[in-house]
Visitor: 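One structure, as structure tokens, below. Some questions next.
Protein chains get the first letters and strands the later ones, always in sequence-line order, with residue 1 at the start of each.
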There are 2 protein chains.
Amino acid sequence: MQSYVTPAHVREACREQRHVGPTPGFCPGHAQANVVILPKEHAWDFLLLCQRNPTPLPLLEVYEPGDPVSRTMAPGSDIRTDCPRYIVQQSGETREATDISDLWRDDLVTFLLGCSFTFEAGLIEAGVPVRHMEESCNVPMYRTNVPLDPAGIFSGPMVVSMRPVPSGLVPAAVMATARFPAVHGAPVWVGNPQGLGIADVNTPDFGDSVTIREGELPVFWACGVSGLSAVQTAGVDFAVTHAPGHMLVLDVKDSELGA
Amino acid sequence: MQSYVTPAHVREACREQRHVGPTPGFCPGHAQANVVILPKEHAWDFLLLCQRNPTPLPLLEVYEPGDPVSRTMAPGSDIRTDCPRYIVQQSGETREATDISDLWRDDLVTFLLGCSFTFEAGLIEAGVPVRHMEESCNVPMYRTNVPLDPAGIFSGPMVVSMRPVPSGLVPAAVMATARFPAVHGAPVWVGNPQGLGIADVNTPDFGDSVTIREGELPVFWACGVSGLSAVQTAGVDFAVTHAPGHMLVLDVKDSELGA
């Protein structure tokens, strides 16, 4: 994992395509965001989806239509270039991209959603291990059997991220993350992955598998990828999201998002 | 379970030996206390034990030597008669009693320690089931492999109480109890009873066994019985405690003990 001094440096590296990988652990102390970009005609439904599902989809910023520049969370950043990797959904096909400048349109609305990477510094401070950082990979994410409260054309399952936590540190993990409701807050589920509809915790739907050691329980937090999944399922004609784990690094500090 | 209108009514029923059973669920909204009564010569060591182990042994009140009357937590109550059941340790023998008036001495110091029954109303409010109340029995308690930080003649294992919690409600159970540090606060352990040195979760060392349903995890909170256990192990010549689950019902309200 490379280290960049400031969020602006990370975004510059993304813009120049020097960095195209996942972002967990980048710029400790600074928040990161899930990104959803939709034509204005679908923006109302998606905004309503966020309003109805604030735990998986905590809204941080909504851009003006056609404006690719953040005003509050990462002022001056350009959403067309500043994520390391995107998923483009267009005319029924899905592909990855590292720059979406040539796809930009005047009717596109950008949504930034809180990301659980924000509270990982709090977990580490509380003595809770963050396994995907230890193993230098992406956090494992899973579709669940818990449906989002639907809105217009958008529906689908809640997606969760998972961190293995020793039994004696589960309370600390809950308390360290509960104070960050803007980035998913406390876990939604502890242990028993089958109860969430996860058949095999070692085979995540997104991200990478991580080691669960003896005496540890898988702990699940709501994940912004729920929004990506809803957008994919809706089959809209055009949409762009970040690739899971490949977030927009923000100027806003984790501490500013905490209660 | 009988219901009494006020804590004073419960204590009167204990005093007249109309109530000699456990007290979970009595006088909702009012706190209950673990009781330890020791000769003054051992009181320093026990006070230090509480200071060093505030999670299992959260001190609520220490009486003046020889004074059987509470000044702050249950004003006017008489510790010699107002618990439903006591355990008397005397000259190497242990027996139960429902009144210790005839054993009272001028050098006895009474300690009241917070009890997890206080936060059970908070659990129920948060939608978390309290199984031993549903099953009208005493809470299950276990000796663990976690040693207390010893003080003078007192040492021994931490004792924990257990409540089964559905995986999706574990975070709520942590958050509902974390705000009550004066009554053990957040759980100390989730799942994996073997990791706490509990061989069989269905065979508690104190209290009653309760049903753990599919999809539920055993969640463990530090328990004031840790103090009773330390007193028994120390083999002091004279000591009285309440019998596990048979608490002193206090006038102080649960809400007054919350953060």
Visitor: Rounded to the nearest 0.5 Å, how far does CZ of A:R163 lie from CD of A:E134?
Guide: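 Taking CD in A:E134 and CZ in A:R163, the distance rounds to 12.5 Å.
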Visitor: Could you tell me whether B:E256 atom CD has more than 12 heavy atoms of other residues or ligands within 6.0 Å of it?
Guide: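 It does: B:E256 CD has more than 12 such atoms within range.
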Visitor: Taking side chain to side chain contact (heavy atoms under 4.5 Å, CB included) as the definition, give me every residue that meets it alongside B:P171, ordered by chain and number, with sequence neighbours left out.
Guide: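 Residues passing side chain to side chain contact (heavy atoms under 4.5 Å, CB included) with B:P171: A:V174, A:A186, A:P187, A:V190, B:M175.
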Visitor: Is there a donor-acceptor pair under 3.5 Å between the side chain of A:E61 and the backbone N or O of A:S70?
Guide: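 Not confirmed, A:E61 side chain does not pair with A:S70 backbone.
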Visitor: Please list, chain by chain and in numerical order, all residues satisfying salt bridge (charged side-chain N to carboxylate O under 4.0 Å, His left out) with B:D251, sequence neighbours excluded.
Guide: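 B:R11.
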Visitor: Hey, which of B:V188, B:L169, B:V219 has the most heavy atom pairs under 4.5 Å with chain A?
Guide: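 With the most close heavy-atom pairs to chain A, the winner is B:V188.
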Visitor: Is there a donor-acceptor pair under 3.5 Å between the side chain of B:H30 and the backbone N or O of B:K253?
Guide: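 No.
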Visitor: Strictly distance-based, threshold 3.5 Å: is any side-chain N or O of B:W189 a donor or acceptor partner for the main-chain N or O of B:G191?
Guide: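 Checked: pair present.
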Visitor: Is A:L257 close to A:L60 at the side-chain level, that is, under 4.5 Å between some pair of heavy atoms?
Guide: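 A side-chain contact exists here, since the closest heavy-atom pair is under 4.5 Å.
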Visitor: Hey, is the main chain of A:C223 close enough, under 3.5 Å, to the side chain of A:S161 for a donor-acceptor pair?
Guide: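 Between the backbone of A:C223 and the side chain of A:S161 there is no qualifying donor-acceptor contact (under 3.5 Å).
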Visitor: For chain B, which residues of residues 196-218 of chain A have at least one non-hydrogen atom nearer than 4.5 Å to it?
Guide: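 Listed by number, the contacting residues are A:G215, A:E216, A:L217.
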Visitor: Counting a contact as any heavy-atom pair under 4.5 Å apart, which residues of residues 140-159 of chain A contact chain B?
Guide: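 Residues qualifying by a heavy atom under 4.5 Å from chain B are absent, so none.
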